[in-house]
2 protein chains.
Amino acid sequence: MATMTAAQRREQARLEYDAFIKGCPTNQLLDRLSDKWVSLVVAALAAGPMRYSDLGRKLAGVSPKMLTQTLRSLERDGILTREVTPSVPVRVDYELTPLGHSLSLLLTAVKDWAETHIEQVHEARERYDSVQDV
Amino acid sequence: MATMTAAQRREQARLEYDAFIKGCPTNQLLDRLSDKWVSLVVAALAAGPMRYSDLGRKLAGVSPKMLTQTLRSLERDGILTREVTPSVPVRVDYELTPLGHSLSLLLTAVKDWAETHIEQVHEARERYDSVQDV
DNA sequence: CGGTATCCCTCCTGATACTG
DNA sequence: CAGTATCAGGAGGGATACCG
């Protein structure tokens, strides 16, 4: 039963590579950061703890579903802590952990790179777009 | 015609915030990096120029469509150059620009953070997951 | 070799309405 | 206040087949 079609072989290569990528810390991190709201939440909390509804207001346009989903995943990853104060009405505070603050430093590095080089990127785009039909 | 429903107001806030996010260099950059293949292409090319099919082999499992799409967008952003040698058969080389090398340094910083802290993240996940039903 | 064109299908997003 | 449950809509990813 030797034979494997080319398609099957490629499929297997793809699966192996997918597994490799999933196991790669860098890609796990990039996956995380690429979540639309993650960097915004981390940036917002870098300044200090916030309540759920404060975050909801600060990140205008986020739906409760996405906010909760984002916060839960960050809590799971140890980026922030969730503290419930069982008063009436309930109060829930979110705060970055040391790990979260470390991440926010990385985000600052990303931000710095972006701000330093975005102009070059925009220039490159204009150049590229203007040459399309020559 | 003063009245705007709550839904309309939120909709507008969302649109404004979306515009803000789209204009934010950091988010533009994160958007870029979050493309599944971008970081892999940049990392591959950091070691030196490569041909199209070399990249296709190195990034096992990438479809020609996605590879081309990724390369084109990076070329447009001035991250890499595309050089066609009109021999037979055709030969196309891709190479990082100085801007691209600069970006690869940032990716190295991301990679370093990931490798340094991924263990803490995994521990946090295990802790979180194991407490789910207590 | 180095792509382009097409279709499909999945996942994610966000709107909405409801609960403790 | 701080969420959860449900549903639909659309963008993007990938497989495939074909061109210069």
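Just so it is clear, the model here is predicted, and its values are computed rather than measured.
- Each of A:Ile79, A:Leu55, A:Val92 was checked for a side-chain contact (heavy atoms from CB on, under 4.5 Å) with A:Leu71, and the lone residue meeting it is A:Leu55.
- Close to D:dG14, at under 4.0 Å from its OP1 or OP2, lies a side-chain N or O of B:Trp37.
- Put simply, CZ on A:Arg57 is 10 Å from C1' on D:dC1, counting in whole angstrom units.
- Contact check, B:Arg51 against C:dC1: no side-chain N or O comes under 4.0 Å of OP1 or OP2.
- Counting any heavy atom pair closer than 4.0 Å across all strands shown, B:Asp35 reaches sugar-phosphate atoms only and no base atom.
- Nearest heavy-atom pair, A:His101 versus A:Ala46, reported as atom, atom and distance to 0.1 Å: CE1-O, 3.9 Å.
- Here A:Tyr52 does not reach the OP1 or OP2 of D:dT4: none of its side-chain N or O atoms lies under 4.0 Å away.
- Salt bridge present: A:Arg76 and B:Asp129 bring a charged side-chain N and a carboxylate O closer than 4.0 Å.
- For B:Thr68, whose side chain is taken as the heavy atoms from C-beta onward, the closest listed nucleotide among C:dG20, D:dC7, C:dG3 is C:dG3.
- Relative to the side chain of B:Arg82, the nucleotides D:dA2, C:dG2, D:dC7 differ in distance, and C:dG2 lies closest.
- The interatomic distance linking B:Ile21 (CD1) with C:dG14 (P) rounds to 9 Å, in whole Å.
- Nearest nucleotide to the B:Pro64 side chain, out of D:dG13, C:dG3, D:dC1: C:dG3.
- Considering only side-chain N and O atoms, B:Ser53 lies under 4.0 angstrom from the phosphate OP1 or OP2 of C:dG2.
- Residue B:Lys22 contributes atom NZ, which lies 11 Å from atom P of D:dA11 at whole-angstrom precision.
- Look at CE on B:Met66: it is 16 Å from P on C:dA5, rounded to the nearest Å.
- Judged by distance alone, with hydrogens and angles left aside, the side-chain atoms of B:Thr97 form a donor-acceptor pair with the main-chain N or O of B:Leu99 at under 3.5 Å.
- Along DNA chain C, the nucleotide closest to B:Asp54 and the one closest to B:Lys65 are compared, and the more 5′ of them pairs with B:Asp54.
- Nearest to the side chain of B:Pro89, among C:dG3, C:dC1, D:dA15, sits C:dC1.
- Summarising the geometry, the separation between OH on A:Tyr94 and P on D:dA2 is reported as 8 Å, rounded to the nearest angstrom.
- Applying side chain to side chain donor-acceptor pair (under 3.5 Å) to B:Asp54 and the options B:Lys58, B:Arg57, B:Arg51 leaves one that passes, B:Arg57.
- In this entry the distance linking CG of A:Leu55 with C1' of D:dG3 reads 13 Å, nearest Å.
- Across C:dG3, C:dA15, D:dT4, the shortest atom-to-atom separation from the side chain of B:Val92 is found for C:dG3.
- Contact annotation: A:Lys36 reaches the phosphate of C:dG14 (side-chain N/O to OP1 or OP2, under 4.0 Å).
- Here the P atom of nucleotide D:dC1 and the CG atom of A:Leu67 are 14 Å apart, to the nearest Å.
- Distance, A:Gln69 CD to C:dA15 P: 14 Å, rounded to whole Å.
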